[in-house]
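Chain identifiers are assigned alphabetically (A, B, ...) following the order of the sequence lines, protein sequences preceding nucleic acid strands; residue numbering begins at 1 within each chain. If you're wondering where the values come from, they're calculated on a predicted model, not measured in any experiment.
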2 protein chains.
Amino acid sequence: MTDPNTRLDEMVGRLKDAGHRLTPQRMAVLSILAQSQEHPSAEQIYERVRIEFPMTSLATVYKTVGLLKEMGELLELGFSDDSNRYDGRLPSPHPHLVCVECRKIIDSGVYALDTWTDEVGLKTGYRILSHRLDFFGICPLCQQRASSPLLDKS
Amino acid sequence: MTDPNTRLDEMVGRLKDAGHRLTPQRMAVLSILAQSQEHPSAEQIYERVRIEFPMTSLATVYKTVGLLKEMGELLELGFSDDSNRYDGRLPSPHPHLVCVECRKIIDSGVYALDTWTDEVGLKTGYRILSHRLDFFGICPLCQQRASSPLLDKS
DNA sequence: GTATCTGCAAATGGTTTGCACGCTA
DNA sequence: TAGCGTGCAAACCATTTGCAGATAC
């Protein structure tokens with residue numbers, strides 16, 4: 001499940017099974033998504049795809065990402081003040097941790113919101129379908145930068 | 001704390017103390033925010049403000065909302081695929097419950113994420129500043145609509 | 001009196017879409 | 001070879017911004 005190649009094969013299989021075609025552009029996008037731990041944006045996926053396959057447009061990245069999202073093979077983390085970020089490794093909802101300085105996003109290491117989900121459903125009468133939990137903070141590297149002001153942010 | 005007039009006075013006082021001017025437009029926006037339980041969008045605030053004070057522009061609503069947000073007097077709930085929603089009654093982060101059908105947003109009725117915040121901070125080394133938790137589901141009214149297909153969504 | 005606020009209209013920027021061409025299966 | 005997928009450029013749309021005139025204090 002954590003091995004990029006296994007995850008890539010899985011995604012490829014699901015696409016094929018659903019009757020979708022496998023173009024080189026799509027393969028390149030899938031491959032990036034299967035490898036990335038760092039929750040890349042569409043733009044970042046685009047840049048990396050172009051390194052190995054320059055014949056790719058940003059629109060195609062968006063279309064592929066949209067397709068995977070619809071199929072439930074990709075978790076989209078939308079931010080109203082920044083571009084969306086994508087998790088292709090673990091597409092079911094789980095808590096994330098966002099650095100407000102450098103916008104690095106990592107998995108939080110805590111899970112299991114199910115108890116709460118049940119409680120909220122019971123209390124409110126809503127049928128709960130999904131959730132989204134983000135923690136915002138300063139990552140260790142940015143904390144270091146803040147205490148050594150001579151270092152550049154770049 | 002729950003009384004709209006008390007909350008309005010509180011917001012007005014904070015604005016004055018910070019040296020900001022009290023225009024009729026601002027008062028109208030503050031008043032809507034102090035009353036609203038339903039987490040209105042900027043557009044919705046604008047529409048309601050115009051009822052009692054037609055000399056108001058959407059830009060002014062956005063500017064007022066931005067000012068209050070900066071002062072920590074307003075909680076902004078951003079959604080990448082929809083307009084932002086605002087909570088002026090309880091501006092500190094707390095879990096919300098979003099109906100994916102009608103986009104109604106209510107408070108979840110559960111709180112206390114502090115234990116998790118500490119755990120995540122310890123595990124990752126991030127200095128946690130804030131969090132955001134949303135549950136997505138179908139509200140009771142929309143569930144009813146779904147089971148009685150003859151009723152219109154309007 | 002003057003710095004702040006307002007309203008208008010134009011700019012912004014990530015994402016989506018329409019369409020003609022190209023390529024997978 | 002039949003459509004699905006791609007690339008380009010234009011459209012979208014909530015939000016922001018610049019600026020000239022208005023107004024709270």
Novice: Considering every strand and a 4.0 Å limit on heavy-atom distances, what is the contact class for Thr56(B): base, sugar-phosphate, or nothing?
Specialist: sugar-phosphate

Novice: How long is the line joining CE of Met55(A) and C1' of dT24(C), in whole Å?
Specialist: 15 Å

Novice: Could you tell me how far apart Tyr46(B) (OH) and dC13(D) (P) are, to the nearest whole angstrom?
Specialist: 18 Å

Novice: Mind checking Asp82(A) for me? I need base, sugar-phosphate or nothing, with any heavy atom below 4.0 Å counting as a touch.
Specialist: nothing

Novice: Does a side-chain N or O from His20(A) land closer than 4.0 Å to OP1 or OP2 of dG5(D), or not?
Specialist: yes

Novice: Given the structure, check if the side chain of Arg21(A) and the base of dC4(D) hold any donor-acceptor pair shorter than 3.5 Å.
Specialist: yes

Novice: Just by distance, do the side chain of Thr64(A) and the backbone of Thr60(A) share a donor-acceptor pair under 3.5 Å?
Specialist: yes

Novice: Just to confirm, is there a sub-4.0 Å distance from OP1 or OP2 of dG7(C) to any side-chain nitrogen or oxygen of Gln25(B)?
Specialist: yes

Novice: Kindly give the heavy-atom pair with the smallest separation between Gly109(A) and Lys123(B), and that separation in Å.
Specialist: O-NZ, 3.1 Å

Novice: Could you give the CE-to-P distance, from Met27(A) to dA25(C), as a whole number of Å?
Specialist: 11 Å

Novice: Is Arg50(A) salt-bridged to Glu47(A), cutoff N-O under 4.0 Å?
Specialist: no

Novice: Compare the minimum distances between each of dT16(C), dA14(D), dG5(D) and the side chain of Lys69(A), then state the nucleotide with the smallest one.
Specialist: dT16(C)

Novice: Check the distance between dC13(D)'s P and Leu58(B)'s CG and give it to me in whole angstrom.
Specialist: 15 Å

Novice: Can you tell me if Thr60(A) touches the phosphate of dG7(D), counting only side-chain N or O atoms and a distance under 4.0 Å to OP1 or OP2?
Specialist: yes

Novice: Between Asn84(B) and dA14(D), is there a side-chain N or O to OP1/OP2 distance below 4.0 Å?
Specialist: no

Novice: Give the rounded distance in Å between these two atoms: CZ of Phe79(A) and P of dT15(C).
Specialist: 11 Å

Novice: Is there a side-chain contact between Asp107(A) and His94(A) in this structure, where contact means two heavy atoms from C-beta onward sitting under 4.5 Å apart?
Specialist: yes

Novice: So does Arg132(B) pair up with Glu76(B), basic N to acidic O under 4.0 Å?
Specialist: no

Novice: Determine the contact category for Asp81(B): base if any of its heavy atoms lies under 4.0 Å from a base atom, sugar-phosphate if only primed atoms, P, OP1 or OP2 are that close, otherwise nothing.
Specialist: nothing

Novice: Between Pro24(A) and Thr23(B), just flag the one whose closest nucleotide in DNA chain D comes earlier from the 5' side.
Specialist: Pro24(A)

Novice: Distance check needed: dC12(D) C1' versus Tyr62(A) OH, whole Å only.
Specialist: 13 Å

Novice: To the nearest Å, how far apart are Lys63(B) NZ and dC8(C) C1'?
Specialist: 9 Å

Novice: Round to the nearest Å and state the distance from Glu43(A) atom CD to dG13(C) atom C1'.
Specialist: 11 Å

Novice: State which of dA14(D), dA9(C), dC8(D) makes the closest approach to the side chain of Ser83(B).
Specialist: dA14(D)

